[in-house]
Structures are given as C-alpha cells and as structure tokens.
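All of these numbers come straight from a predicted model, not from anything done at the bench. Residues: numbered from 1 along the sequence shown.
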Amino acid sequence: MQCSNCNEDIVEDSAFCKNCGHEIRPKDDKSNVNLTTFQLSNVYAKSFDINSIPDKQRENFEKHLIIMRFPVWLAVVLSIFTLNMFGTFYYGLKHSQLPRIKSDDFFGGKAIGYLFIPFFNFYWIFIFWLRLIDKINFQFKLRNQQAPIPKGLVLATVIISVIPYVGYISYFILFPIVIGITQSACNTLAADRDVSYLPPDLW
C-alpha cells in the first residue's frame, strides 16, 4: 500500500504516512457505507438529514424513470372528466418510475391493484397518494431543491374525496389542483433527468 501524496510505502492500517504526514483513510472507514433499511425508515420525514446519505447511495436514489413530459392542462382536464380515474392509473404507474427508497415502497401494480379491494381501498387511497408525493418530493430534496408538492393539501384532498357527496368537491376542484402541481413536478424531473440512468432500450 502506498501513500497517495508521496507514493511511499506505508503500513496497511496506518492513519498517517510516516514520510509526509498525509492522512490515510483507515481500512475500516465506513463513511461511505450505505444507510441501512432501519436508518432509512424515516427518510421522507422533514427532519431527515439528506446529507447523511452517502454519495454513492444518494446517486442511486436520484435515478428515476420519469422520462416523458405530459401537458399539465391536459392532465387536469382528464382528471376532471374522469373523476380522477385518469390519475389512478397514470400516477399509479409513477410508483414504478421512482426508485424504491424505503423497504415498504411499492410499485405500480400494487399501487393500482389495491385500490380495487372493497373497503380496504378507503385506507389504501391515502397510502397511494401520500407515498407518491413523498417519493416525488424526495427527488427534489436529493437535488437540494424545495419540495414542490404540499403534502397537507394532498391529505385534505384525499380526506374529502372519501366523504359521500362532499367528495365531488374534491374530484372537481381539489384533485385537479393536486394533479396540476404533481404533473408540473414530474415534468421538472423529466427535464432534469440524466439519460445515462436509462436502460439502452429506453433511450
């Protein structure tokens, strides 16, 4: 083993080069070891320190497959005319286009499929939308940008949507607003993507 500063031979586990005094990273230095599943359990929380994620792991987390932009106005119109069925399928698939960060993150098939389970879907619609917003906002945090989608608005929208009759307020007013903000954020990620992240067949 040689010192990277003066190229003199050094003892393998030395902390400093005896020749020039250059600091040598110890063999057991774990400063770039990936965070564990447990350490990432609150990764979407506001209090989570993004800078605690090692560089290599952070780089992997930034890799997403949102590669196409979609007109915000069209997404809003389709949301209104389909009572957000468009949002169920289109944004359900976004779960598969975003990297799995937490151990309980899920992909599009599960996101959409669970919404068709009677009674359980009243619970799942909260998980569906709130986790999607967490995953999108997290991509912006990784890039040191402000999270663009207000989670409180999304939560209020979903709560109102499950209330009989009152839910129409959500589908005709609140959900279109959420869809517009969400699609705008997705378009930003699509424009910011690095094509080197994409598999060759998607280039």
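Interatomic distance, CD of Q139 versus CD1 of I136, reported as 9.0 Å (0.5 Å rounding). From N187, atom CG reaches atom CG of D192 across 12.5 Å, with rounding to the nearest 0.5 Å. Note that CZ of F172 and CD1 of I177 are 14.0 Å apart. Values are rounded to the nearest 0.5 Å. Note that CZ of R58 is 5.5 Å distant from CG of N51, once rounded to the nearest 0.5 Å.
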Contacts table for residues 109-125: side-chain donor-acceptor under 3.5 angstrom, sequence neighbours left out:
{"residue": "N121", "atom": "OD1", "partner": "F119", "partner atom": "N", "Å": "3.3"}
{"residue": "N121", "atom": "ND2", "partner": "L115", "partner atom": "O", "Å": "3.3"}
{"residue": "W124", "atom": "NE1", "partner": "A111", "partner atom": "O", "Å": "2.9"}

Donor-acceptor contacts, no H, no angles, side chain residues 149-158, under 3.5 Å, sequence neighbours left out:
{"residue": "K151", "atom": "NZ", "partner": "D134", "partner atom": "OD1", "Å": "3.0"}
{"residue": "K151", "atom": "NZ", "partner": "D134", "partner atom": "OD2", "Å": "3.0"}
{"residue": "T157", "atom": "OG1", "partner": "L153", "partner atom": "O", "Å": "2.8"}

Can you give the donor-acceptor pairs under 3.5 Å from side chains of residues 70-94 to other protein atoms, not counting sequence neighbours?
{"residue": "S79", "atom": "OG", "partner": "N84", "partner atom": "OD1", "Å": "3.3"}
{"residue": "T82", "atom": "OG1", "partner": "L78", "partner atom": "O", "Å": "2.5"}
{"residue": "T82", "atom": "OG1", "partner": "M85", "partner atom": "N", "Å": "3.4"}
{"residue": "T82", "atom": "OG1", "partner": "F86", "partner atom": "N", "Å": "3.1"}
{"residue": "T88", "atom": "OG1", "partner": "N84", "partner atom": "O", "Å": "3.2"}
{"residue": "Y91", "atom": "OH", "partner": "Q183", "partner atom": "OE1", "Å": "2.7"}
{"residue": "K94", "atom": "NZ", "partner": "Q97", "partner atom": "OE1", "Å": "3.4"}

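Across every non-hydrogen atom of K141 and A45, the tightest pair is NZ-O, 4.2 Å. Looking at every heavy atom in both residues, G108 comes nearest to S96 through N-OG, 2.6 Å. Of all heavy-atom pairs spanning I181 and P148, the tightest one is CG2-O, 3.6 Å. Nearest heavy atoms, K135 versus H95: NZ-O, 3.1 Å.
With hydrogens and angles disregarded, a donor-acceptor distance shorter than 3.5 Å links the side chain of T188 to the backbone of S184. Without hydrogens or angle criteria, R100 side chain to F107 main chain gives no donor-acceptor distance under 3.5 Å.
Residues satisfying the ring pair (Phe, Tyr, Trp, His ring centres under 6.0 Å) criterion with F175, sequence neighbours excluded, are W129, Y171. Applying the side-chain contact (heavy atoms from CB on, under 4.5 Å) criterion to A191, with sequence neighbours excluded, gives R69.
In this structure the side chain of L98 never reaches within 4.5 angstrom of the side chain of D105, judged on heavy atoms.
Alongside F48, the hydrophobic cluster contains L35, L40, V43, Y44, I50, I53, F61, I101, F138, L142 (criterion: ILVMFWY side chains under 4.5 Å).
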